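Keep in mind that what you see is a predicted model, and the values were worked out from it rather than measured.
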Amino acid sequence: MPAPDTFARAQDPSPGSYLGPLMQVNAGPFSDANDLAVKPRALHVSVAGNIKYTISGVTVTEAYEIGWHPIRPDRIFVTGTTATLTAWW
C-alpha cells in the first residue's frame with residue numbers, strides 16, 4: 001500500500017504545508033518489504049551513492065550526489081541503496 005501523501009492538496013506556506021519548511025525527518029530504518037509511513041517531500045543525501053526506491057509502482061536504482069533531491073518515493077530499499085540519506089516532510 002502506498003505511503004499516505006499528507007501534502008497532496010496543501011496550498012499555503014505555513015509549517016506542515018507542501019510549501020512550508022521541511023520539519024520532520026525519517027532517518028530509517030528503511031525496508032525492502034514495507035512502504036514508508038509518510039511519503040516524503042524530499043531526500044537529503046549526506047554520502048553519495050545509489051538509492052533504490054519505488055515511486056508510483058515503479059522500482060528504480062539511481063546514483064545520487066550529496067545534496068537535496070525533490071523525489072517522493074513510496075519505499076526506499078535497504079538492499080541496493082549505498083547512499084546515506086534522510087527522508088524529509
Side-chain angles (χ1 to χ4, degrees):
M1 176 164 77
D5 187 355
T6 57
F7 298 97
R9 293 187 178 13
Q11 299 291 323
D12 66 86
S14 61
S17 76
Y18 182 70
L19 300 174
L22 298 169
M23 299 187 65
Q24 296 186 41
V25 65
N26 177 357
F30 302 114
S31 171
D32 290 346
N34 298 309
D35 287 341
L36 298 169
V38 175
K39 188 170 187 141
R41 290 173 43 205
L43 300 181
H44 181 263
V45 175
S46 56
V47 176
N50 290 335
I51 302 174
K52 181 179 178 182
Y53 60 92
T54 298
I55 188 166
S56 300
V58 177
T59 300
V60 295
T61 302
E62 297 179 313
Y64 284 89
E65 296 295 323
I66 294 171
W68 290 95
H69 303 279
I71 62 170
R72 306 192 65 221
D74 298 308
R75 179 179 302 173
I76 299 172
F77 291 80
V78 174
T79 305
T81 296
T82 59
T84 301
L85 68 131
T86 51
W88 289 80
W89 67 95

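- The CG atom of Asp32 sits 11.5 Å away from the CD1 atom of Ile76 when rounded to the nearest 0.5 Å.
- Nearest heavy-atom pair across Arg72 and Lys39 is O-CE, 2.9 Å.
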What donor-acceptor contacts under 3.5 angstrom involve side-chain atoms of residues 47-57, with partners at least two apart or in another chain?
| unit_1 | atom_1 | unit_2 | atom_2 | d |
| --- | --- | --- | --- | --- |
| Tyr53 | OH | Glu62 | OE1 | 2.6 |
| Tyr53 | OH | Tyr64 | OH | 3.1 |
| Thr54 | OG1 | Thr59 | OG1 | 2.8 |

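- Cluster membership check: Ile71 shares its hydrophobic cluster with Leu36, using side-chain heavy-atom separations under 4.5 Å among Ile, Leu, Val, Met, Phe, Trp and Tyr.
- When the side chain to side chain donor-acceptor pair (under 3.5 Å) test is applied to Thr82, no partner is found at least two apart in sequence or on another chain.
- Note that OG1 of Thr84 is 11.0 Å distant from NE2 of His44, once rounded to the nearest 0.5 Å.
- Grouping Ile, Leu, Val, Met, Phe, Trp and Tyr by side-chain contacts under 4.5 Å, direct or through others, puts Trp88 with Leu22, Val25, Trp68.
- Note that CZ of Phe30 and OG1 of Thr86 are 7.0 Å apart. Values are rounded to the nearest 0.5 Å.
- To the nearest 0.5 Å, atoms CG (Asn26) and CH2 (Trp89) are separated by 5.0 Å.
- Scanning all heavy atoms of the two residues, the minimum distance from Leu43 to Pro40 falls at CD2-CG, 4.3 Å.
- Annotation for Ile66: hydrophobic cluster partners, listed by chain and number, are none (ILVMFWY side-chain heavy atoms under 4.5 Å, direct or chained).
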